[in-house]
Amino acid sequence: MAQRNVWCVANSDATAEQLQDTIDWCCSDSGGFRDCTPIQPGGVCYEPNTLRDHASFVMNLYYQNEGSTKAQCDFSGTGTEVHDDPSHGPCIYVHY
């Protein structure tokens with residue numbers, strides 16, 4: 001059963017290369033092809049336009065849709081579970 005009010009975001013130790021790899025994987029067929037349109041130019045989660053913010057958004061989509069377990073938030077050691085909602089403005093980070 002999924003934990004309530006838990007999100008998955010990129011941790012502060014993740015490198016730019018790791019974050020880009022995570023975005024590429026989460027938005028690919030291998031990663032389940034999450035809906036990555038919100039982080040594209042003009043999307044509701046495009047701003048702030050940082051790799052960390054974009055990676056956090058897609059990491060959370062993967063995490064929430066794959067069972068919300070600590071293992072689904074690992075991303076080779078670059079993810080971390082948080083209890084504070086990372087949503088901002090129109091950019092809503094889902095949680096189930």
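Because the structure is a prediction, the values reported are computed rather than measured.
- With hydrophobic clusters built from ILVMFWY side chains whose heavy atoms lie under 4.5 angstrom apart, Trp7 does not share a cluster with Val44.
- Counting only heavy atoms from C-beta outward, the side chains of Pro48 and His88 approach each other to under 4.5 Å.
- Put simply, the side chain of Arg52 reaches to within 4.5 Å of the side chain of Leu19, judged on heavy atoms.
- Side-chain contact between Ile39 and Ile23 is present, with at least one heavy-atom pair separated by less than 4.5 Å.
- Checking side-chain atoms of Asp53 against main-chain N and O of Glu47 turns up no donor-acceptor pair under 3.5 Å.
- Smallest separation of non-hydrogen atoms from Ala10 and Ser56: N-OG, 2.9 Å.
- If you take SG on Cys45 and CG on Asp35, they are separated by 10.0 Å, rounding to the nearest 0.5 Å.
- In the hydrophobic cluster analysis, where Ile, Leu, Val, Met, Phe, Trp and Tyr join through side-chain heavy atoms closer than 4.5 angstrom, Met59 is grouped apart from Val9.
- Summarising the local packing, CG of Asp84 is surrounded by 12 or fewer heavy atoms from other residues, nucleotides or ligands at distances under 6.0 Å.
- Between Thr78 and Phe75, the shortest heavy-atom distance links the atoms OG1-O, 2.6 Å.
- Residues Tyr63 and Ile92 fall into different hydrophobic clusters, defined by Ile, Leu, Val, Met, Phe, Trp and Tyr side chains chained together at heavy-atom separations under 4.5 Å.
- Note: His54 and Tyr46 have tilted aromatic rings, judged against thresholds of 30 and 60 degrees for the angle between ring planes.
- Taking every heavy atom of both residues into account, His95 and Val6 meet most closely at CB-O, 4.1 Å.
- With rounding to the nearest 0.5 Å, the separation of CG in Asn60 from CD in Gln72 is 12.5 Å.
- Taking 4.5 Å as the limit, every side-chain heavy atom of Tyr93 sits out of range of all side-chain heavy atoms of Gln64.
- Trp25 and Leu51 are members of different hydrophobic clusters when ILVMFWY side chains are connected at heavy-atom separations under 4.5 Å.
- Between Tyr62 and Cys8 the shortest side-chain heavy-atom distance does not fall below 4.5 Å.
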| said: Quick one, Cys27 with Cys36, criterion disulfide bond (SG atoms under 2.5 Å apart). Give me CA distance, side-chain angles, the key distance, then yes/no. | reply: CA-CA 6 Å; Cys27 296; Cys36 294; 1.9 Å; yes

